[in-house]
J.: 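Below is the structure I would like to discuss, written out as structure tokens.
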Amino acid sequence: MMKRLITYSCMAIFAMGSMAQNQKDEAQMNRFISGLMKKMTLEEKVGQLSQCSGGFATGPDNTRISRTEDISKGLIGSLLNVSGAANTRKYQEAAMKSRLQIPLLFGLDVIHGYRTGFPLPLAEAASFDLDAIERGSRCAAKEAAAAGLHWTFAPMVDISWDARWGRVMEGAGEDPYYGSLVAKARVHGLQGDDLSKENTILSCIKHFAGYGAAIAGKDYNSVDMSMGQFANFYMPPYKAGAEAGAATFMSAFNDFNNEPSTGSTFLLRELLKNQWGFKGFVVSDWGSVGEMMNHRYAKDEKEAAYKGIKAGLDMEMVSECYSKNLVSLVKEGKVSIKLVDDAVRRILEQKYKLGLFDDPFRYCDEERERTVIGSQESRKEACYVSERSIVLLKNENSVLPLSSSIKKVALIGALSKSQKDMCGAWSCAEVGKVVTLYEAMEKRGVDINYNDGYDLKTNKIVNLDQTLAAARQSDVVIVAMGEQAWESGEMRSKGDISIAAEQQRLVSELVKTGKPVVVLMMCGRPVIFNEVRREAPAILCTWWLGSEAGNAICNVLWGDYNPSGKLPMTFPQHNGQIPLYYQYKSTGRPTALGGWCAKYIDIPTEPAYPFGYGLSYTTFNYSEVKLLPGDGKGTYTRVAVTVTNTGKCEGEEVVQLYVRDEVASITRPIKELKGFEKIKLNPGESKTVTFDVKDEQLGFYNNQMKFIVEKGDFTLMVGGNSRDLQEIKYILN
């Protein structure tokens, strides 16, 4: 007992010491920045709020300023799209010629890995492995920081229920609970515990707010929803990112509550800064301050600048409304200098925390760049995360994993050789170092009979007789098919997310040969492939996995890794079902009733694959669900289930908890994910998984955006996906 008391006392002293040190560090930072700001002219302050593109354009390029000249005058605070230690040093040297020598911030869209490409964020989310996701972000931060970068415009945490929207590839899918946990993992991975460490970079929560709910799935389109809808389904991941300590936020292109998000005082100043206590800074999306004129919300650039700074938009990306108009707006008395000072201080604080005032060139180390980027450690991490991102959708007659006795493989599909497509959209990866499926199979010593099967540009079948002959001469057929990388991402909305009919027909023809056919569905979003789903005995959703794609896919095909991924978005059967998601409301005439109810007359209401779905090479049995007593300290009850590996190999299962509020003061979904645990079991091994049921599981936001918990009846559900669940009733008194 005495030893334990001494330990607790030491911990308390350490915590108090850390708190005191943090307060001392913050006071020192405040003194430094206050002193610096007293020396700054109004023009230099406005310069800190201005960001321009110093490299390639990732939006409509309307930048007109002279970069190095204005940097040396202290009139630019940040550059985006400049990377590489030598390149960033060149611009930073220009900043050191300015009167006050305030260093630049360098930002880039490091979305899923830097030079070592990782799986698309949506694919990573399929791992349901928060540690793996954090590891991926940490590796991206190490490489980006070594390349002179301070800041990434990630993670994107937008919830979306519409697979037509191309940017679903950048997020964690459709569920706000899971999306919140992924947001925290990615922020922690990028920023670590100390931004002054040279292997960390600033994260950026985007796009604030509601961007994923674009009407009709069209990128940059309007968003229209109630505050209750926003609070319950779209807001949680943004709030989680702020709570995780994200250094920056990015305003969204869309309007929200009839105002452009970039000019929304409610979103930026009231909700984010005042209610959530966000201490970082907000940057606009590319040109979105100027685009308030296209919204017909501002008559000219001057009014756009006025509305942006009043709303709480701190840094403007590219459109130059601030750099041209803020000085005059302050001098005319239309904008208070206090608003400008608040924005400047927020930006300078992040530069201070990165250690740039101590050493502006600390991220410009070319030797570190050579040793860190593309290291064996990075490649190993990329393969690790990629394996866990693959989802097994179908495996009739245990076609997979492939036996070591397999000698000849017919490999069909040009995507199996495409390094560029393996990278996926929004990629910084070195294309020439991407391992394709074909290359990985060659290294594995597989006897490959390769055929394109279809033309990559037209999706038309080519050389069918030759392809079928190759299939007949082989032990197994592997077909790489799906989208190309450019078909998902920003500005890649689709009205039809179906896989090309000719690609699907090719699979049917191959199945007719009588050989086992394994389909690898390569995509950046949920896609529709009903013919393949019906005909092919084995299907793996491999997404776009990045630099180690080929090796990871081979490891799963041959059973070196047993797939454990689960779908983070619902896959529809028909385009007409979109938007499609599992947490829909029952309505007054629920679909389950039949007859006069919410349904279609020409297509089913059920998806092809539900949220949370994914198979394994082994099988799992779930016991009956039981309720256990709570602890009287915030845990109302506990849900317990015993899961047993009933198959022949080791495997991982994502055990999922869903909750339904049976009667509430507002309409609620039929079920919501409120917990999950990924477990690994040997054959015959069992494990009891328990979930605590607290306010977080039972509460919701009312229409005034207040979080409440109401007493009454609840149904608690546990299973391996959102459809196949066991239920138990619980009453909160």
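Values below: every heavy atom of this structure, side chains too, minus hydrogens, waters and symmetry copies. Treat the numbers as computed from the prediction; the structure is a model and nothing was measured.
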J.: Between the side chains of Thr587 and Tyr584, is a donor N or O closer than 3.5 angstrom to an acceptor N or O?
T.: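 Note: Thr587 and Tyr584 side chains miss the donor-acceptor criterion.
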J.: Looking only at side chains, do Thr605 and Gln577 share a donor and an acceptor under 3.5 Å apart?
T.: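 Side-chain D/A pair, Thr605 to Gln577: absent.
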J.: Which of these, Asn221, Asp158, Asp219, sits in a side-chain hydrogen bond (donor to acceptor under 3.5 Å, both in side chains) with Tyr211?
T.: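 The residue from Asn221, Asp158, Asp219 that satisfies side-chain hydrogen bond (donor to acceptor under 3.5 Å, both in side chains) with Tyr211 turns out to be Asp219.
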J.: Could you go through the side-chain contact (heavy atoms from CB on, under 4.5 Å) check for Phe249 and Cys204 one step at a time?
T.: CA-CA 5 Å; Phe249 263 62; Cys204 183; 5.6 Å; no
J.: Would you check, one step at a time, whether the test side-chain contact (heavy atoms from CB on, under 4.5 Å) holds for Leu732 with Tyr730?
T.: CA-CA 7 Å; Leu732 178 62; Tyr730 172 71; 3.7 Å; yes
J.: Do Asp695 and Tyr636 have a side chain donor and acceptor closer than 3.5 Å?
T.: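 The answer is yes; a qualifying pair exists.
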J.: Between Thr248 and Ile205, is a side-chain contact (heavy atoms from CB on, under 4.5 Å) present by the stated rule, with each step listed?
T.: CA-CA 6 Å; Thr248 69; Ile205 298 296; over 6 Å; no
J.: Is it the case that the side chain of Asn395 and the backbone of Tyr617 share a donor-acceptor pair, with hydrogens and angles ignored and the cut-off at 3.5 Å?
T.: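 Between the backbone of Tyr617 and the side chain of Asn395 there is no qualifying donor-acceptor contact (under 3.5 Å).
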J.: Applying salt bridge (charged side-chain N to carboxylate O under 4.0 Å, His left out), can you list everything that pairs with Glu672, at least two apart in sequence or on another chain?
T.: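 Salt bridge (charged side-chain N to carboxylate O under 4.0 Å, His left out) check on Glu672 returns Arg668.
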J.: Answer yes or no: is there a side-chain heavy-atom contact under 4.5 Å between Ile679 and Val655?
T.: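 In contact.
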J.: Rounded to the nearest 0.5 Å, what separates atom CG in Leu615 from atom CD in Glu653?
T.: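 So the CG of Leu615 and the CD of Glu653 are separated by 9.5 Å.
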J.: Is the distance from the ring center of Phe256 to that of Phe230 below 6.0 Å?
T.: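 Ring-ring flag for Phe256/Phe230: true, centres closer than 6.0 Å.
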J.: Within a strict 4.5 Å, meaning less than it, do heavy atoms of the Glu124 and Pro119 side chains meet?
T.: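 They are in contact (side-chain heavy atoms under 4.5 Å apart), so the answer is yes.
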J.: Would you please test Arg138 and Gln191 for side-chain contact (heavy atoms from CB on, under 4.5 Å) and show each step?
T.: CA-CA 8 Å; Arg138 186 176 301 122; Gln191 295 188 176; over 6 Å; no
J.: Under the rule for salt bridge (charged side-chain N to carboxylate O under 4.0 Å, His left out), what residues qualify as partners of Glu650, not counting sequence neighbours?
T.: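 By the salt bridge (charged side-chain N to carboxylate O under 4.0 Å, His left out) rule, Glu650 matches no residue at all.
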J.: Can you list everything that forms a side chain to side chain contact (heavy atoms under 4.5 Å, CB included) with Ala382? Sequence neighbours excluded, please.
T.: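 Ala382 satisfies side chain to side chain contact (heavy atoms under 4.5 Å, CB included) with Thr116, Phe118, Glu548 once adjacent residues are dropped.
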J.: Can you sort out the partners of Thr618 under side chain to side chain contact (heavy atoms under 4.5 Å, CB included), two or more places apart, ordered by chain and number?
T.: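 Once residues adjacent in sequence are excluded, the partners of Thr618 under the side chain to side chain contact (heavy atoms under 4.5 Å, CB included) criterion are Asn562, Ser616, Phe620, Asn645, Cys649.
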J.: Please work out which of the three classes, parallel, tilted or perpendicular, describes the rings of Phe676 and Phe128, given edges at 30° and 60°.
T.: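 Correct class here is perpendicular.
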J.: Around Lys585, counting heavy atoms of other residues, nucleotides and ligands shown, do more than 12 lie under 6.0 Å from its NZ?
T.: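 Yes, enclosed.
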J.: If you measure from OG1 on Thr570 to CD on Glu606, what distance do you get to the nearest 0.5 Å?
T.: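 It is 12.5 Å, given to the nearest 0.5 Å.
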J.: Check whether any side-chain heavy atom of Thr635 sits under 4.5 Å from a side-chain heavy atom of Lys694, and report yes or no.
T.: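 Side chain of Thr635 against side chain of Lys694, heavy atoms only: contact under 4.5 Å found.
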J.: Under the salt bridge (Lys or Arg N to Asp or Glu O under 4.0 Å) test against Glu170, which residue among Arg492, Arg525, Lys206 passes?
T.: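 For Glu170, the salt bridge (Lys or Arg N to Asp or Glu O under 4.0 Å) check succeeds only for Lys206.
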J.: Would you say the side-chain atoms of Gln573 pair up with the backbone N or O of Ile528, donor to acceptor, closer than 3.5 Å?
T.: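 A pair under 3.5 Å: no.
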J.: Return yes if some donor-acceptor pair links the side-chain N/O of His207 with the main-chain N/O of Val157 below 3.5 Å, else return no.
T.: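 Side chain of His207 to backbone of Val157: no pair is present.
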J.: Can you sort out the partners of His188 under side chain to side chain contact (heavy atoms under 4.5 Å, CB included), two or more places apart, ordered by chain and number?
T.: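 If we apply the side chain to side chain contact (heavy atoms under 4.5 Å, CB included) test to His188, skipping adjacent residues, the hits are Glu134, Lys184, Ala244.
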J.: For a 4.5 angstrom cut-off between non-hydrogen side-chain atoms, does Cys523 reach Cys541?
T.: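 Yes, their side chains come closer than 4.5 Å.
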J.: Is the distance between the ring centroids of Phe700 and Phe707 under 6.0 Å?
T.: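 No, the ring centres sit 6.0 Å or more apart.
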J.: Using a 3.5 Å distance criterion without hydrogens, assess whether the side chain of Ser127 forms a donor-acceptor pair with backbone atoms of Ser389.
T.: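 Between the backbone of Ser389 and the side chain of Ser127 there is no qualifying donor-acceptor contact (under 3.5 Å).
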J.: Is it true that the side chains of Ser488 and Glu483 contain a donor and an acceptor less than 3.5 Å apart?
T.: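 There is such a pair (donor and acceptor under 3.5 Å, judged by atom type) between the side chains of Ser488 and Glu483.
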J.: Would you find a donor on one side and an acceptor on the other, under 3.5 Å apart, between the side chain of Gln726 and the backbone of Val641?
T.: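 No; judged by distance alone, with no hydrogens or angles, the pair does not exist.
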J.: How would you list, by chain and number, every residue that makes a side-chain hydrogen bond (donor to acceptor under 3.5 Å, both in side chains) with Gln656, sequence neighbours excluded?
T.: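 side-chain hydrogen bond (donor to acceptor under 3.5 Å, both in side chains) list for Gln656, sorted by chain: Tyr658.
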J.: Tell me, do Leu122 and Pro568 make a side-chain contact under 4.5 Å, heavy atoms counted?
T.: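 They are in contact (side-chain heavy atoms under 4.5 Å apart), so the answer is yes.
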J.: Short question: side chain of Ser203, backbone of Val187 - any donor-acceptor pair under 3.5 Å?
T.: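 Side chain of Ser203 to backbone of Val187: no pair is present.
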J.: If you measure from OH on Tyr561 to OG on Ser386, what distance do you get to the nearest 0.5 Å?
T.: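 Reported value, rounded in 0.5 Å steps: 11.5 Å.
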J.: Does Thr715 use its side chain to pair, donor to acceptor, with the backbone of Arg660 at less than 3.5 Å?
T.: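 Side chain of Thr715 to backbone of Arg660: no pair is present.
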J.: Please verify the inter-ring angle class for Phe233 with Trp161; under 30° counts as parallel, over 60° as perpendicular, anything in between as tilted.
T.: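 Geometry flag for Trp161 against Phe233: perpendicular rings.
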J.: Is it true that Tyr581 and Phe611 have ring centroids separated by less than 6.0 Å?
T.: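 When the ring centroids of Tyr581 and Phe611 are compared, they turn out to be at least 6.0 Å apart.
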J.: Does Arg589 offer a backbone N or O that forms a donor-acceptor pair with the side chain of Trp596 under 3.5 Å?
T.: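 Side chain of Trp596 to backbone of Arg589, a donor-acceptor pair under 3.5 Å: no, none is there.
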J.: Any chance the rings of Trp426 and Phe153 have centres within less than 6.0 Å?
T.: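 Judged by ring-centre distance (under 6.0 Å), Trp426 and Phe153 do not meet the cut-off.
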J.: Does any part of the side chain of Trp165, heavy atoms only, come nearer than 4.5 Å to the side chain of Ser493, both counted from C-beta?
T.: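 Yes, side chains in contact.
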J.: Does atom NZ (Lys729) have a neighbourhood of more than 12 heavy atoms from anything else shown, all under 6.0 Å?
T.: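 Above 12, so yes.
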J.: For Tyr582, is the NZ or CZ atom of Arg723 found under 6.0 angstrom from the centre of its six-membered ring and inside 45 degrees of the ring axis?
T.: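 No, a cation-pi geometry is absent between Arg723 and Tyr582.
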J.: Examine the side chains of Thr642 and Thr688 and answer whether a donor and an acceptor come within less than 3.5 Å of each other.
T.: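 Side chains of Thr642 and Thr688: pair found under 3.5 Å.
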J.: May I ask you to decide if Lys674's main-chain N or O and Gln697's side chain share a donor-acceptor pair within less than 3.5 Å?
T.: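 Yes; at least one donor-acceptor contact below 3.5 Å.
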J.: Can you confirm whether the side chains of Thr690 and Arg638 place a donor and an acceptor under 3.5 Å from each other?
T.: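 Yes, because at least one side-chain N or O of Thr690 sits under 3.5 Å from a partner of the opposite role on Arg638.
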J.: Does atom CG (Asp193) have a neighbourhood of more than 12 heavy atoms from anything else shown, all under 6.0 Å?
T.: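 No, CG of Asp193 has 12 or fewer neighbouring heavy atoms, counting only those of other groups under 6.0 Å.
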J.: Measure the shortest side-chain to side-chain distance between Leu545 and Ile553 over non-hydrogen atoms and say whether it is less than 4.5 angstrom.
T.: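 They are in side-chain contact.
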J.: Rounded to the nearest 0.5 Å, how far apart are CG of Leu272 and CZ of Phe266?
T.: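 Reported to 0.5 Å precision, the distance equals 10.5 Å.
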J.: Judged by atom type as modelled, is there a donor-acceptor pair below 3.5 Å linking the side chain of Lys671 to the main-chain atoms of Ser722?
T.: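 Indeed, once roles are kept as given, a pair shorter than 3.5 Å links the two residues.
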